[in-house]
Number of protein chains: 2
Amino acid sequence: MVPNRKPTIAFPPNDFYRQDHKMYVATDCIVFGYDSNDLKLLLFQRKLSPFKGEWSLIGTFVHLDESIDVAAERVLEQTTGLTNIFMEQTLAYGHVKRDPGYRCISIAKYALIRLDEHDKKSVEQYGAKWFSLDDLPPMILDHQQMINDALDMLKEKAKKQPVGFELLPKKFTLPQLQRLYELIYQKEIDSRNFRKKVLSLNILIKLQEKDKSNSKKGAFLYKFNSRKYNQYFTNGFNFDT
Amino acid sequence: MVPNRKPTIAFPPNDFYRQDHKMYVATDCIVFGYDSNDLKLLLFQRKLSPFKGEWSLIGTFVHLDESIDVAAERVLEQTTGLTNIFMEQTLAYGHVKRDPGYRCISIAKYALIRLDEHDKKSVEQYGAKWFSLDDLPPMILDHQQMINDALDMLKEKAKKQPVGFELLPKKFTLPQLQRLYELIYQKEIDSRNFRKKVLSLNILIKLQEKDKSNSKKGAFLYKFNSRKYNQYFTNGFNFDT
DNA sequence: CCAAAAGTGTTACACGTACACCCATGA
DNA sequence: TCATGGGTGTACGTGTAACACTTTTGG
C-alpha cells in the first residue's frame, strides 16, 4: 500500500465516449451435459480462421442490441437447438493478450443440459462434440481455464442448491443421482449416506416403476417434488457430502 | 426447450471483427472498508455529466491496452491512493439498457480495505465518501444491485476463507474480529462459540498488550499467524457460524 | 461502587462418517 | 446358480448451538 501518494480522481473520467476504448465483448458457454453415466462438455471444432480446426467452447460476440444473457442463449440455441436452458454466469476474462487477434474480453457462463440421444446426435452433426470431462482435447485461448473455473463454481453450487432438474431426465434412479454428484464433486460417495441424506430432504417422490437398464434387479425411479425443489433452489440447503 | 428446431451454427460467426459490435467495457469497484466498528462502502459523488451530483461506485472504462484487473487497480489507486489492495471479481452486468447513454457492460469487483483515519480523510477530500452499509444513498444505474451481489459473495467467501488480513489492522482484538463477522453475516454471533471456533483454528497469536479504547478492562490484542492464515486462504476452511 | 465490556465451560443434540450384508433378477 | 447392481441400519465421534456468570477497571 502507498497511502502517501496524493490521490487524483478518475471518475468521472475525461475519456467518456472515446471511441478507442471500445472493444469486443464475447460470451463463452461451458455446456455441461449428463447422460446418466458421464458428465460431458460440449466443444466445437472451429471451421474458420482464426484457430481453424482447433477445439473451442461455444461462444459469440455480444451484439450492441442484445444483453450478454441473450447472446449466450442465442449461441446455445444455434449450436444445440435448445432454449430455456439453465445458465449461470461465472467470470469475465479480460487480459489484454488473451486473444492475440484483437482486444476482446469474454464473459463465461455455464449451462446445464440433460442429454438424450437426440441431443447428442443433432449437436454432433454440426461439428460440435461431447467430451468426457476427464478426456478433453487442447483448446484455444483460455478456454481450459474457463472450464476449470466453471467446474469449481458448479461444485459450490451443488453444495448449496439442488442441480438435478437441469441435468437429469424427469424420472431417474437414485444411483443415477448419486453418480451425478460423484462426477460433479469428483469423488466417491457412500451410497448409504447419500440415500439417507437426499431422502431426508423430502425432495424426491418415489414412483412404482423400476428402471432395469442398468441392473437385473432394477432401480426404483423417482421424480422431483417441484415445490420442495424450488424452495431449496431459492433458499439453499447444505449438501456437503 | 425446443429440441426439434434445426440447429444452425453460430461459431465461428460471420461477424468477426465487425466494428459495430464493439462497445465500452467498464469496471466498478465495491470498496468495503472496516474501521473496527462499522462495515463501510466507498461511494463517489459525480462531478460531471452524466449523472452529475449523484452517488456512484468507483469505476472507469477499461482501456484497450490494460486488463480489467489493471483498470480496477488504477481507479482504486486514483481514488484512494492505495495499491496492493485485495480485490475479487464478482459479476458482469450487461443489459442493453443498463446505461441509457451508450452501450456499456461493466465488470464488478469488490475490494477490502482496512480503514484508518488517514484513509478516511484523504478519500473524502475528493468527493468520495464512506457510507455505512445500512445507510446507503440512492445510486446511479444498477450500482445498488452490484453492491447486493458483492455482499452476497463476500458472505460466501467469509465462510470458506479468512478475511481478516484485508480488513483488520495488524493488531486487533477478538471483539473486533467478531464484530467484523457479525457485520458481514449481518447477524449476531455468540461470543463464546465464536472464540472457541476461531481459536481452535490456530490462526491467531495472542499478544501481551491490551487495547483499552473500547472498555475499561481492555481486550487482548492478537495478530494473525500468517503461515496458517495463508494455508487456510489457499485451502479453505469452514466457518459457517 | 457501578456500569460496561471482556472473558470463560458445559451440556444436548444434530449431523457426518464409517462400515457389511442381504435382495432381486436375468442370463 | 451366480454375477451384478440395488437397497438397507447402526454406532461413534465431531461439531454446532444454547446458555449465564465472573472479572476488570475507569469514572
Side-chain angles (χ1 to χ4, degrees), chain A residues 35-38 155 158-160 168-169 171-223 232 236-241, chain B residues 35-38 155 158-160 162 168-169 171-183 185-223 232 236-241:
Chain A
D35 65 359
S36 299
N37 189 33
D38 248 326
K155 276 184 212 175
K159 287 179 188 169
K160 290 180 298 195
L168 288 165
K171 301 173 183 180
F172 54 89
T173 66
L174 282 179
Q176 279 173 352
L177 183 62
Q178 178 175 343
R179 178 141 178 79
L180 172 59
Y181 273 86
E182 289 179 329
L183 290 165
I184 292 175
Y185 292 146
Q186 299 185 306
K187 70 170 187 189
E188 291 199 353
I189 302 173
D190 181 279
S191 68
R192 287 157 295 191
N193 295 336
F194 181 82
R195 298 169 90 93
K196 200 191 323 172
K197 185 155 190 182
V198 76
L199 290 173
S200 75
L201 295 170
N202 288 321
I203 204 175
L204 297 182
I205 298 170
K206 187 175 186 173
L207 305 174
Q208 286 318 306
E209 315 162 61
K210 281 190 163 186
D211 174 321
K212 298 206 172 184
S213 61
N214 270 304
S215 72
K216 294 160 183 172
K217 182 179 180 182
F220 278 104
L221 287 163
Y222 288 78
K223 63 177 183 180
Y232 282 125
F237 60 24
N238 185 336
F239 203 88
D240 243 340
T241 68
Chain B
D35 65 0
S36 298
N37 188 35
D38 249 325
K155 276 185 211 175
K159 288 180 188 168
K160 291 179 298 194
L168 289 165
K171 300 175 182 179
F172 53 90
T173 66
L174 283 179
Q176 280 173 352
L177 183 61
Q178 178 175 343
R179 178 142 178 80
L180 172 60
Y181 272 87
E182 288 179 327
L183 289 165
Y185 291 148
Q186 299 186 307
K187 71 172 188 189
E188 292 199 351
I189 302 173
D190 180 279
S191 67
R192 287 159 292 190
N193 293 337
F194 180 81
R195 297 169 90 93
K196 199 191 321 171
K197 188 157 186 180
V198 76
L199 289 173
S200 75
L201 294 171
N202 288 320
I203 204 174
L204 297 182
I205 298 169
K206 188 176 184 172
L207 305 174
Q208 286 318 305
E209 313 163 61
K210 280 189 166 190
D211 173 321
K212 296 206 173 186
S213 61
N214 271 303
S215 73
K216 294 159 183 172
K217 182 178 181 182
F220 277 104
L221 287 163
Y222 289 78
K223 63 177 183 178
Y232 282 125
F237 60 24
N238 185 338
F239 204 87
D240 243 341
T241 67

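By convention in this document, chain letters (A, B, ...) are assigned in the order of the sequence lines, proteins followed by strands, and residues within each chain are numbered from 1.
- Shown here are the ring pair (Phe, Tyr, Trp, His ring centres under 6.0 Å) partners of Tyr185(A), two or more places apart in sequence or in another chain: Tyr181(A).
- A straight line from CD of Gln176(A) to P of dG7(D) spans 11 Å, rounded to a whole angstrom.
- Atom NZ in Lys206(A) sits roughly 13 Å away from atom P in dG6(D) (whole-Å rounding).
- Taking 4.5 Å as the limit, every side-chain heavy atom of Thr173(A) sits out of range of all side-chain heavy atoms of Asn214(A).
- In this entry the distance linking CG of Leu199(A) with P of dG6(D) reads 15 Å, nearest Å.
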Report the C-alpha separation of Lys212(B) and Lys217(B) in whole Å, then their side-chain angles, then the decisive distance to 0.1 Å, and conclude whether the side chain to side chain contact (heavy atoms under 4.5 Å, CB included) test is met.
CA-CA 7 Å; Lys212(B) 296 206 173 186; Lys217(B) 182 178 181 182; over 6 Å; no
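- Of the residues in residues 208-215 of chain B, those lying under 4.0 Å from DNA chain C by heavy-atom distance are Asn214(B), Ser215(B).
- With a 6.0 Å cutoff to the six-membered ring centre and a 45° limit on the axis angle, Lys210(A) counts as a cation-pi contact of Phe220(A).
- The two residues Ile203(A) and Val198(A) have their closest heavy-atom pair at CG2-O, 4.2 Å.
- The shortest side-chain heavy-atom distance between Asp211(B) and Gln176(B) falls under the 4.5 Å cut-off.
- Residue pairs meeting the salt bridge (charged side-chain N to carboxylate O under 4.0 Å, His left out) criterion with at least one partner in residues 188-209 of chain B, sequence neighbours excluded, are Lys171(B)-Glu209(B), Asp190(B)-Arg192(B).
- A straight line from NZ of Lys217(A) to C1' of dC2(D) spans 16 Å, rounded to a whole angstrom.
- Contact check of residues 186-197 of chain B against DNA chain D (heavy atom, cut-off under 4.0 Å) returns Asp190(B), Arg192(B), Asn193(B), Lys196(B), Lys197(B).
- In this structure, the separation between CZ on Arg179(A) and CG on Leu177(A) is 12.5 Å, given to the nearest 0.5 Å.
- The side-chain contact (heavy atoms from CB on, under 4.5 Å) test applied to Asn202(A) returns Lys228(A), not counting sequence neighbours.
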Could you go step by step and tell me if Leu174(B) and Tyr222(B) meet the side chain to side chain contact (heavy atoms under 4.5 Å, CB included) rule?
CA-CA 7 Å; Leu174(B) 283 179; Tyr222(B) 289 78; 3.6 Å; yes
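- Between chain A and DNA chain C, the heavy-atom contact criterion of under 4.0 Å yields a 5' to 3' nucleotide range of dG16(C) to dG26(C).
- Going from atom CD of Glu182(A) over to atom P of dG5(D) covers 14 Å, rounded to whole Å.
- Toward the 5′ end of DNA chain D lies the nearest nucleotide of Lys216(A), the other residue of the pair Asp240(B) and Lys216(A) mapping further downstream.
- Here dG7(D) presents its P atom at 11 Å from CD of Gln178(A), a figure rounded to the nearest Å.
- Between the side chain of Tyr232(B) and the backbone N or O of Leu201(B) there is at least one donor-acceptor pair closer than 3.5 Å.
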